[in-house]
Amino acid sequence: MQVISDLYQQLTGQEPQNILPLAGAGSNRRYFRVQGDDKTLIAVIGTNPEENEAFIDLSQRFKQGNLPVPAVLAVSNDHMVYLQEDCGDLSLYAQMAHHRQEDGTFDKVALDALIATIHELPHFQFLPIVSQTANEFFSHCFPQQEMDRTSIMFDLNYFKYCFLKLKGVEFNEFKLQQDFERLADDLLADHEDTFLYRDFQSRNVMLKDGKPYFIDFQGGRKGPIYYDVASFLWQSSAKFSDEVRDQLIDEYLDALQSYKPLAKADFLSQLHLFVLFRILQVLGAYGYRGLWEKKEYFTNSIPLAIRNLQQELTMGTCDSYPYLKGIAQMLIVQNEEDEKGRAEELAKKEKVAAYLQNDKTYIQHDSLPVTGEKSKAQRKPNLLVRIFSFSFKEGVPADESGNGGGYVFDCRSTHNPGRYDEFKPLTGLDQPVIDFLEADGEILTFLDSVYKIVDFHVARFIERGFTNLQISFGCTGGRHRSVYSAQHVAEHIHQKFGVEVHICHREQNITQDLK
């Protein structure tokens, strides 16, 4: 932390009062909010000086072009640490989650933010051309200066080996490679000196005083304009409807007119090639993170990506790539069979749960099973599960049943929404917090293990006639992660086993009975 403190002092003439760690994203970069008497900045500690230099150089060029990006104000001698302007905590993604309507549409606040964001994109893309310094503009891009055939093949092979192979799909390598080559030719048909942001998505747009500011562009390079539009509008976690996508495409084309007037039909024809490409990229990532690393969030995201692939197949996007089209059709059929299998497995679990609830051989007792013939009332299962959320600072909830036992789970290993201002007044029962936690995925992996433990325990307690089980979830403040976990586990147990569940979100003074 000393280098951060030194940079801040060199810049402002004052020592910082606080250096607070911020939640990271998918990279190994570390972020800190550095607070002083009258200036708050963001410190970034990178792992690669060339990547840092790419961000610093692009930030300077964007600033010179009057684009809304954080200015880099100080850089360490080794280029491993730099200070930039603070754009706040409210991301466009969080704004969308908070202002999404029940039917999936957005209210005016979120829609205005989306329109303002998509209107800025052409300014980023065409700055190298209007500034007449294209070669110099791309000279510091990292890890490469241009989206070329090699980088496209990296992504397509990622799909091939990390998704198709792991799904057990057999294919003719030569025929698939031929279609990949044709797709690469079509993707590279646009040779303009335009900037490809590469990671243009709602999590990389910060909203400050209602205005969008853009971050995390260090992976940018020369490339076609269609890629960023496809990346932004077909981001699976954004859950855009076709109507919203169409409206935002119109807004983008309107902003594009001053640089490159395009007919909508021509634009859409090329755009959907990049949508197809992005779907294949995403499936490769889901395959690696889900099928290989066994992270449930990514495995559960595969059906959504396959449905997007089916939509592109219906539109004819794959028609020029007949072997790839056949692979896509095979994946769609396989996905339908998988979903049918999941439905059958769920039906089996529900049948077992009903059996556990109604079987007359189960008997009740507070601590030990009772032997011998009993009346029907005595045989009826009567397990009460008490589930708490709490703050560790306030202590673990006491067991009022007197039986002891049960579980206390620590949720503090997962990403904390409480670090972000927009989530601080909310709880784990509010949809924006739910969306944040589920999009991040760590909480889902955590609960996947919890479900396996408590399911076995509840089933055995019902079988043995026990009547009390307590399960508690703790986090730092007892507000976000523990509340989310307790609520979801309670609803899971009640739905699966039909037993009575008492929920107590202790620090929020919220109780609920599921009977």
Original post:
Taking side chain as C-beta onward, heavy atoms only, is F32 less than 4.5 Å from I45?
Top reply: yes

Original post:
Salt bridge or not for D57 and R61, using N-O below 4.0 Å?
Top reply: yes

Original post:
What about the rings of H480 and F423, do their centers lie closer together than 6.0 Å?
Top reply: no

Subject >> Pair R221 + D148: basic N to acidic O under 4.0 Å >> reply: no

**OP:** Before accepting this row, confirm whether a basic side-chain N of the pair K208/E85 lies closer than 4.0 Å to the acidic partner's carboxylate O.
**Re:** no

Subject >> D421/K424 ion pair, N-O < 4.0 Å >> reply: yes

Original post:
Aromatic ring centroids of H123 and Y259 under 6.0 Å?
Top reply: yes

**OP:** Report yes if the distance between the aromatic ring centroids of F195 and F124 is under 6.0 Å, otherwise no.
**Re:** no

**OP:** May I have all residue pairs that pass ring pair (Phe, Tyr, Trp, His ring centres under 6.0 Å) and include part of residues 79-99, sequence neighbours excluded?
**Re:** F55-Y82

**OP:** Give a yes or no on whether a salt bridge exists between D448 and K452, defined as a side-chain N under 4.0 angstrom from a carboxylate O.
**Re:** yes

Donor-acceptor list for residues 425-434 side chains, cut-off 3.5 Å, not counting sequence neighbours:
{"from": "T427", "atom 1": "OG1", "to": "L429", "atom 2": "N", "distance (Å)": "3.1"}
{"from": "D430", "atom 1": "OD2", "to": "T427", "atom 2": "N", "distance (Å)": "2.9"}
{"from": "Q431", "atom 1": "NE2", "to": "D435", "atom 2": "OD1", "distance (Å)": "2.8"}

Subject >> Atom OH of Y288 with >12 non-hydrogen neighbours under 6.0 angstrom >> reply: no

**OP:** Taking side-chain contact (heavy atoms from CB on, under 4.5 Å) as the test, write out the residues that go with F298, two or more places apart.
**Re:** Y286, R289, K295

**OP:** Return the orientation label for the F163 and F159 ring planes: parallel under 30°, perpendicular over 60°, tilted otherwise.
**Re:** parallel

**OP:** Scan W234, F267, F277 and name whichever one has a ring pair (Phe, Tyr, Trp, His ring centres under 6.0 Å) with H272.
**Re:** W234

Original post:
Passes side chain to side chain contact (heavy atoms under 4.5 Å, CB included), Q310 versus L331? Steps please.
Top reply: CA-CA 9 Å; Q310 185 173 12; L331 291 175; over 6 Å; no

**OP:** Measure the shortest side-chain to side-chain distance between F106 and M96 over non-hydrogen atoms and say whether it is less than 4.5 angstrom.
**Re:** yes

Original post:
With a 4.5 Å heavy-atom cut-off, do P49 and D78 have their side chains touching?
Top reply: no

Original post:
Quick check: are there more than 12 heavy atoms from other residues, nucleotides or ligands sitting under 6.0 Å from NZ of K175?
Top reply: no

Subject >> Enclosure of K63 NZ (heavy-atom neighbours >12, cutoff 6.0 Å) >> reply: yes

